[in-house]
Amino acid sequence: MSFLPLKERSFTIKIMSEKIYKLLQQGKRIDERSPYEFRKITMQTNVVEKANGSALVSVGSTRILTGIKVELGTPYSDRPNEGVFSVNAELLPLASKSFEPGPPDERGIELARVVDRCIREGKAIDLEKLCIIPGKMVYVLYIDIYVLDYDGNYFDPSVMSAMAALATCTIPKYSATGERVEGENIKVPIRDVPLSATLGIIRDRLLVDPCLVEEESLDTSIVVCLDSASNVVAIQKNSPGHIPFSLMESIINVAEEQISKIRAQFKEVVGIG
Amino acid sequence: MSFLPLKERSFTIKIMSEKIYKLLQQGKRIDERSPYEFRKITMQTNVVEKANGSALVSVGSTRILTGIKVELGTPYSDRPNEGVFSVNAELLPLASKSFEPGPPDERGIELARVVDRCIREGKAIDLEKLCIIPGKMVYVLYIDIYVLDYDGNYFDPSVMSAMAALATCTIPKYSATGERVEGENIKVPIRDVPLSATLGIIRDRLLVDPCLVEEESLDTSIVVCLDSASNVVAIQKNSPGHIPFSLMESIINVAEEQISKIRAQFKEVVGIG
Amino acid sequence: MSFLPLKERSFTIKIMSEKIYKLLQQGKRIDERSPYEFRKITMQTNVVEKANGSALVSVGSTRILTGIKVELGTPYSDRPNEGVFSVNAELLPLASKSFEPGPPDERGIELARVVDRCIREGKAIDLEKLCIIPGKMVYVLYIDIYVLDYDGNYFDPSVMSAMAALATCTIPKYSATGERVEGENIKVPIRDVPLSATLGIIRDRLLVDPCLVEEESLDTSIVVCLDSASNVVAIQKNSPGHIPFSLMESIINVAEEQISKIRAQFKEVVGIG
Amino acid sequence: MTQVIKPKLIDENGIRLDGRGPTDLRPLRIEVSVLEKSDGSAYVELGKTKVYAAVYGPKEAHPKHLAIPDRAILNCRYHMTSFSTDERKILGMTRREIELSKVIREALESVVFLEEFPRSAIDVFVEVVQADGGTRTAGLTAASLALADAGIPMRELIAAVAVGKVDGTIILDPSDIEDKYGEADMPIGVAPESNTIVLLQLNGKMTKDEFRRGLELARVGIQKIYQAQREALRRKYGASTTEV
Amino acid sequence: MTQVIKPKLIDENGIRLDGRGPTDLRPLRIEVSVLEKSDGSAYVELGKTKVYAAVYGPKEAHPKHLAIPDRAILNCRYHMTSFSTDERKILGMTRREIELSKVIREALESVVFLEEFPRSAIDVFVEVVQADGGTRTAGLTAASLALADAGIPMRELIAAVAVGKVDGTIILDPSDIEDKYGEADMPIGVAPESNTIVLLQLNGKMTKDEFRRGLELARVGIQKIYQAQREALRRKYGASTTEV
Amino acid sequence: MTQVIKPKLIDENGIRLDGRGPTDLRPLRIEVSVLEKSDGSAYVELGKTKVYAAVYGPKEAHPKHLAIPDRAILNCRYHMTSFSTDERKILGMTRREIELSKVIREALESVVFLEEFPRSAIDVFVEVVQADGGTRTAGLTAASLALADAGIPMRELIAAVAVGKVDGTIILDPSDIEDKYGEADMPIGVAPESNTIVLLQLNGKMTKDEFRRGLELARVGIQKIYQAQREALRRKYGASTTEV
């Protein structure tokens with residue numbers, strides 16, 4: 001059952017919200033950023049040798065570790081020629097006092113499903129190349145996302161780290177008869193690199209990449225994921241509140257602008273994008 | 001662990017119990033019924049097109065939806081020539097403030113198991129006709145019962161709706177070699193229609209089909225299920241309290257009388273009974 | 001998540017601890033035992049006819065029932081020539097007000113895993129003799145331990161009862177082609193009988209087999225498991241607190257002495273040891 | 001995989017597989033105060049059916065929002081060991097165990113003076129060590145003794161037994177194999193002093209007349225069980241305590 | 001096991017498989033106060049999509065530590081019957097149901113005056129009886145009516161609908177098969193009076209221009225849904241209550 | 001499927017697979033205050049074993065009935081990422097993780113002044129990012145630093161290391177492959193100032209003499225770990241804080 005998480009009392013949130021709004025009107029943020037400016041992004045790949053692929057991505061203090069384990073399995077019966085992937089996300093209690101130990105709650109599940117949609121609908125992976133024997137044997141990619149430190153906005157670094165782990169993922173090669181080709185590996189065939197930008201909304205103002213204090217004070221927020229051709233491949237309004245129809249045009253444009261910057265950095269670090 | 005559910009304080013229950021008992025002595029009920037009178041029963045079949053069979057049954061305001069999905073599976077190893085069915089019941093939180101979200105509690109499990117026993121021991125289904133390849137392939141019927149609105153007595157409408165859904169259930173035909181016979185369907189082979197009546201007991205008095213207010217005020221209650229030849233096929237004393245041995249004869253007779261009335265209505269609506 | 005169980009308030013524990021320590025200095029215990037003396041041990045085997053093997057062991061009022069069910073299954077892929085066993089332990093709520101119904105908590109899991117290690121690392125079972133068809137069919141032994149009554153120290157009687165149940169376990173014989181040899185049974189091939197002794201520590205003093213009152217008042221405690229050649233095969237410090245390095249030598253020696261006594265009794269009752 | 005053939009359960013002389021006549025109980029052994037650490041306990045053995053029961057309480061209800069202002073709550077868990085049955089039972093509670101916990105709890109509630117302990121909880125644990133038919137009735141029989149042993153005030157004891165129908169005959173106290181291949185199984189829990197039924201289930205097919213005869217046969221069995229319960233209490237507590 | 005071939009979803013005349021044009025809604029039926037025991041309820045049928053919603057509350061929050069000092073908490077469960085879908089849905093909550101419970105809850109929170117009921121809880125249950133596309137939007141439409149029916153004060157109603165892209169065309173209210181084989185599905189929940197979006201998801205691929213056109217088409221659908229909601233309330237409560 | 005052949009773990013010159021001698025530790029890296037949002041944190045890398053620890057608290061115990069009147073409760077969770085091991089670990093807590101959470105918690109309780117925070121809770125989270133042997137000891141080493149970093153008063157730090165027996169030789173700090181194919185693994189947690197053992201497990205077979213030598217070797221390793229812990233704290237806090 002979905003329920004309202006306990007937050008600060010409304011009036012402290014209202015005061016902070018008012019403050020953030022006034023700063024936005026002056027083109028400012030509480031942490032010295034401009035409204036359309038991400039915090040510092042760092043990306044490291046191959047950080048866990050036992051994973052087939054892995055990446056550690058930070059956006060400010062928010063830190064996400066994604067690892068990929070590849071196994072052999074059977075394809076879905078309605079997609080006999082395609083490999084399979086699944087995305088899981090855990091908001092580790094290490095990362096925030098608001099995260100509890102235990103199976104993923106609705107926030108972890110939402111995160112995993114949104115990242116899954118970015119990858120799936122953004123056609124990031126050429127799944128047909130992950131088929132070994134049609135209908136019988138395919139590669140199965142387990143893409144597992146862990147939030148290690150949480151200072152707001154876990155969506156964007158999660159998409160980045162999942163894509164960076166995929167783009168650097170190395171898997172054992174199997175022949176068309178299902179035999180292991182000893183000593184040979186293949187890369188996960190990447191077709192596109194969908195990336196996301198999260199926008200916060202206060203009244204008629206937008207900001208990108210909210211930090212935790214901002215996140216708690218926003219009217220609402222929205223995650224926009226675009227592919228490399230700037231098609232919209234996933235959207236998630238991910239908190240309560242209203243978005244005026246009139247803001248949608250700006251939201252898409254700001255997202256596009258931000259994602260192109262992130263994409264440049266991604267390309268530089270990971271090699272593709 | 002089974003535990004006592006929180007009810008009204010004993011004294012309010014005692015007052016209502018006293019009132020109901022006095023009315024019963026005058027042949028009356030709190031809702032204008034006579035002691036041996038069910039509330040209005042309505043039955044609708046084929047209400048969910050995506051189910052192989054379905055039925056919506058109301059007894060007063062208590063409303064039960066049963067749907068059946070049929071899959072192919074393997075028989076139990078000690079019954080290689082028989083199809084398989086399983087019954088599940090959920091007391092949806094939609095239906096009552098006393099129902100909680102989550103996996104079925106002991107009440108839901110009891111309901112499912114009593115309906116299962118009615119069908120199984122009442123030999124309602126000719127399970128051998130649901131075998132496709134002995135020992136290998138049989139039809140598996142998932143009979144899922146949902147309580148949508150709960151104003152007392154979910155047992156009797158659940159048995160009715162399960163039987164109505166079974167009697168109108170349509171399943172794809174398979175040949176003896178396990179091939180789908182395109183375009184052809186078969187009906188679930190019904191051998192008998194067991195039906196139940198729930199009786200409430202206050203001291204030396206009986207009533208049938210307790211509504212919620214009555215249910216909370218009864219000394220105890222009992223579900224009696226009979227087949228079409230009036231054999232007893234299932235009994236469940238389903239609440240705390242004493243039944244004097246001396247009442248058992250009346251209980252069976254009243255149940256028989258009530259079930260024969262329900263059976264007539266069932267036959268009219270569903271076609272068999 | 002592991003958490004500190006609620007105990008008596010520290011000061012009552014401190015008083016009892018002081019009392020136990022003073023008695024130990026005089027070579028005494030609160031229940032008239034000497035420091036290195038187990039409570040009365042009783043062992044009964046074949047107490048549950050439907051189990052392949054079973055044993056009921058008491059140490060004082062602490063009572064443990066172990067039963068073994070044998071099934072056929074597949075070996076682990078990295079041990080194709082070996083049978084499989086698994087150990088489970090349940091601290092039944094019957095046994096103590098501090099045990100809750102539900103799946104095993106960390107104490108039950110620790111107990112099961114320590115017994116597993118005693119059996120596995122003590123090479124108690126000749127697992128290769130439990131292989132029927134290499135890589136395909138082996139015996140699978142489910143060793144299930146139930147704590148029926150708990151007055152301290154469930155580790156030692158659990159190891160005893162598991163070993164006694166194993167040593168008297170009878171399993172249906174299968175031929176090398178995987179056919180049941182009707183009417184013939186085999187015994188579980190026992191290679192060694194690891195046994196354990198639990199020691200309590202208060203400051204610089206040791207005691208063995210703590211009863212419940214002692215257990216709650218100890219500084220800490222340790223389970224030592226030895227095989228028949230007095231090799232150390234498992235150790236578990238199983239409660240908070242410090243063990244001075246200087247006590248380790250005595251701990252091993254006291255454990256060895258105690259285990260040799262238990263072994264003599266085990267041999268007498270069970271026949272091997 | 002071949003279909004199992006039903007064995008003949010009663011021979012031409014009316015003798016059952018284990019040598020009993022139709023109205024015979026299996027050998028019965030009852031003991032109270034068998035477990036040290038609980039507030040009350042009992043052990044019931046009926047043939048190969050072996051059941052422990054233990055009681056904790058009355059004690060503070062926990063968590064508190066479950067407490068009831070004007071009486072105690074009664075918690076009950078019927079549980080079987082994994083090796084109690086022919087096929088290994090899975091760990092954790094099955095749907096069957098959950099249902100039986102409910103009907104046993106409801107039977108016990110009928111006789112315990114719960115109003116004497118407002119805001120309290122009484123826990124009853126039934127552990128089936130071996131299951132050879134009649135475990136819920138043996139468990140209820142043991143649980144009512146464990147409550148008495150714990151000094152919990154009760155209107156009266158409960159005695160429970162099952163009757164069945166096999167090969168067309170109404171029998172007392174069906175064993176596992178008689179239950180499995182028989183036509184009906186009807187467990188009954190009775191408050192013998194008030195001559196009332198506190199647990200009643202039926203699983204199988206009986207004519208109305210067979211059902212009546214089953215009820216009568218159960219009363220005969222109940223008297224024997226009740227007698228043994230009283231003797232077990234007398235052995236433990238002396239003559240006076242049999243008037244619970 | 002053969003790969004499934006995508007059917008043609010829109011013919012050369014722009015007609016969809018079920019005979020609709022691209023901007024047509026399926027037949028819509030809305031009723032309020034359909035369940036007796038809840039504080040408020042509604043039923044929405046959109047083609048073969050059939051959804052109930054029920055509301056309980058405001059009531060005491062429970063357990064108490066979840067209560068919020070200055071407003072009510074809103075609980076929401078979106079759940080599907082096992083037989084609502086082509087393939088049988090497993091019992092229990094899937095990850096999809098958990099996510100949709102969250103987005104529906106967040107949409108409802110946007111319009112309910114939660115501050116009026118400090119320390120309370122309001123429970124909203126959405127039950128999908130049959131799923132043929134658009135269940136979350138039908139569920140949200142029903143839930144907002146159930147809240148109104150329960151007398152919970154709200155800024156305004158919510159009307160919700162999905163738009164999609166199939167065979168390159170932007171369509172209103174995709175059915176299950178259009179969702180499955182189409183290129184994109186975009187559910188939208190709207191507060192029509194303030195012209196704001198309270199639920200928005202997109203699953204699929206659209207150009208920015210298609211996305212803009214999708215938003216516009218949704219607004220058309222929303223008006224029709226909103227109209228039907230108001231009529232349903234009027235049938236139940238008379239003219240005045242449409243101003244919630 | 002062929003039986004795995006045990007590799008030779010120590011060559012004729014006493015050199016281990018990764019080039020170490022029997023008494024060598026793997027390269028060790030320790031950092032404190034590595035995670036922003038926790039009250040205290042640390043990172044320990046020992047060869048390819050990589051572990052984070054974070055501490056939250058002291059804070060209000062929750063739910064309240066778990067609070068202890070005269071001291072804080074210490075909660076501990078040892079958890080591994082799914083990709084930390086050669087075979088993918090299932091999501092959720094395994095039995096092994098639950099046991100290790102217990103022994104790590106008990107070791108920490110031995111040194112934390114819990115009595116200073118009655119009715120409070122302190123949460124310790126150990127997250128194994130990569131597991132190549134010695135994760136529980138690395139986790140305990142990190143956890144004690146995270147507690148210090150959070151300013152929780154402790155009698156002293158804990159340093160922990162494993163010793164093992166492979167190919168008949170007692171070795172320090174076994175790697176995963178040495179643990180898997182070796183004869184014994186013995187993790188030890190030590191409070192170095194008081195020279196006492198706070199965690200001790202043994203899994204495998206050792207003679208009494210080997211056990212004694214193992215204990216001695218562990219003390220050597222512990223001194224190196226402890227030195228590195230103090231240096232990490234000094235780097236963060238300067239010289240004075242090493243006297244915790």
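All heavy atoms count here, side chains included; hydrogens, waters and symmetry mates do not. Protein chains get the first letters and strands the later ones, always in sequence-line order, with residue 1 at the start of each.
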Counting only N and O atoms by type, is there a donor-acceptor contact under 3.5 Å from the side chain of Glu36(E) to the main-chain atoms of Asp149(B)? no
Counting N and O atoms only, with roles assigned by atom type, does the side chain of Lys50(E) sit under 3.5 Å from a partner on the main chain of Val48(B), one being a donor and the other an acceptor? no
Straight-line distance of [X] [atom1] to [Y] [atom2], nearest 0.5 Å:
X         : Y         : atom1 : atom2 : value
Tyr52(E)  : Leu94(B)  : OH    : CG    : 9.0 Å
Thr81(E)  : Asp144(B) : OG1   : CG    : 8.0 Å
Asp132(E) : Glu49(B)  : CG    : CD    : 8.5 Å

Can you list the residues of residues 57-66 of chain B that sit under 4.5 Å from chain E, counting heavy atoms only? Ser61(B), Arg63(B), Leu65(B), Thr66(B)
Side chain from CB out, backbone as N, CA, C, O: work out which of these in [X] comes under 4.5 Å of a heavy atom of chain E, or both, or neither.
X         : value
Asn88(B)  : side chain
Tyr150(B) : backbone
Val47(B)  : backbone

Run the ring-centre check on Tyr56(E) versus Phe99(B) and record whether the distance is less than 6.0 Å. no
Answer yes when Asp39(E) and Lys97(B) have at least one side-chain N-carboxylate O distance shorter than 4.0 Å, and no when they do not. no
Is the number of heavy atoms from other residues, nucleotides or ligands within 6.0 Å of [atom1] ([X]) greater than 12?
X         : atom1 : value
Lys129(B) : NZ    : no
Lys187(B) : NZ    : yes
Lys59(E)  : NZ    : yes
Glu87(E)  : CD    : no

Heaviest contributor of heavy-atom pairs below 4.5 Å to chain B, chosen from Asp86(E), Val126(E), Asp123(E), Val124(E), is Asp86(E)
Under a 4.5 Å cutoff for heavy-atom pairs, which residue among Ser82(E), Ser38(E), Ala54(E) has the most contacts with chain B? Ser82(E)
Chain E: which of Ser96(B), Pro103(B), Ser54(B), Ala51(B) shares the most heavy-atom pairs with it under 4.5 Å? Ser96(B)
Tell me which of these, Pro101(B), Gly102(B), Pro104(B), has more heavy-atom pairs under 4.5 Å with chain E than the rest. Pro101(B)
Heavy-atom contact with chain B under 4.5 Å, split by part of [X]:
X        : answer
Arg77(E) : side chain
Ser41(E) : neither
Ala53(E) : backbone

Search all heavy atoms of Glu90(B) against all heavy atoms of Leu91(E) and return the closest pair with its distance. OE2-CD2, 3.7 Å
Between Val140(B) and Arg88(E), does a side-chain contact (heavy atoms from CB on, under 4.5 Å) hold up when you go through it step by step? CA-CA 12 Å; Val140(B) 180; Arg88(E) 180 171 186 254; over 6 Å; no
